[in-house]
Every structure is written in C-alpha cells, then in structure tokens.
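Okay, so here's the structure we're looking at.
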Amino acid sequence: MKARIPKHREFIIDFPKDVPQAKADEGWDKLMALMEDYKKSHNGQTVYSPTFIEDLEPSVKELQQTYGFTYTVETSK
C-alpha cells in the first residue's frame, strides 16, 4: 500500500502475510486518519512541509507496533 505525500514523497506500507486483512485495513485506516488529523491541525498547510513525515514518525511507529506493518519513505517519481 502506498500513501502519496505532497512534495514527491511516499509512505510504503507492507503488512506481513500472516496479518489478517481486516487488521491490515484497520491499520491503514488509522494511518490515513492520523495524516488527515495532522493536516487539519495545521490548517491544511503543513502537510506540504518537508518535515511532515518526520513530524508524524513517532505516531506511525506506535501504529506499527500495534498492526505489525513495516514502512519506508521514498521519493516518488
């Protein structure tokens, strides 16, 4: 799964094959909600900040522990 982030960056999310689809979907939904809440809390502007991913990383790591996914951040083409 990929979440494209403005400024040509992406979260690449991978769930292990043994994670049930419902749990993977829930983890994905929570990640998307986290990103949306962050955007709203910054008047929709900071989402374009170069530090957006770094600002979210501690919260993403918490979700990672709960839902078992791995993630990388890549520069998109």
Side-chain angles (χ1 to χ4, degrees):
M1 297 181 192
K2 292 184 181 183
R4 183 173 298 274
I5 296 165
K7 296 288 184 190
H8 310 290
R9 296 169 76 185
E10 296 176 330
F11 273 125
I12 311 299
I13 309 297
D14 292 308
F15 288 89
K17 293 180 185 211
D18 62 342
V19 172
Q21 185 64 48
K23 187 172 183 176
D25 290 344
E26 182 180 333
W28 179 258
D29 290 345
K30 290 198 182 268
L31 178 61
M32 294 299 101
L34 175 71
M35 293 170 68
E36 189 60 31
D37 287 348
Y38 184 89
K39 181 179 173 182
K40 288 178 185 174
S41 72
H42 290 82
N43 296 321
Q45 300 302 314
T46 306
V47 71
Y48 299 108
S49 166
T51 63
F52 175 64
I53 293 172
E54 290 78 8
D55 292 344
L56 281 178
E57 198 161 28
S59 297
V60 172
K61 286 184 184 271
E62 282 183 37
L63 288 176
Q64 183 181 28
Q65 290 176 351
T66 302
Y67 294 99
F69 61 83
T70 59
Y71 75 95
T72 56
V73 179
E74 293 183 358
T75 301
S76 54
K77 297 175 184 179

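These numbers come from a predicted model, not from an experiment.
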Atom [atom1] in [X], atom [atom2] in [Y]: separation rounded to 0.5 Å?
| X | Y | atom1 | atom2 | result |
| --- | --- | --- | --- | --- |
| Tyr67 | Leu31 | OH | CG | 11.0 Å |
| Thr66 | Lys23 | OG1 | NZ | 7.5 Å |
| Leu34 | Met32 | CG | CE | 8.5 Å |
| Leu63 | Asp29 | CG | CG | 11.0 Å |

Compare every heavy atom of [Y] with every heavy atom of [X], then report the nearest pair and how far apart it is.
| X | Y | result |
| --- | --- | --- |
| Ile13 | Trp28 | CG1-CZ3, 3.6 Å |
| Gln64 | Thr70 | NE2-CA, 3.8 Å |
| Gly68 | Pro16 | O-CD, 3.1 Å |

Student check: side-chain heavy atoms of Asp25 and Phe15 closer than 4.5 Å: no
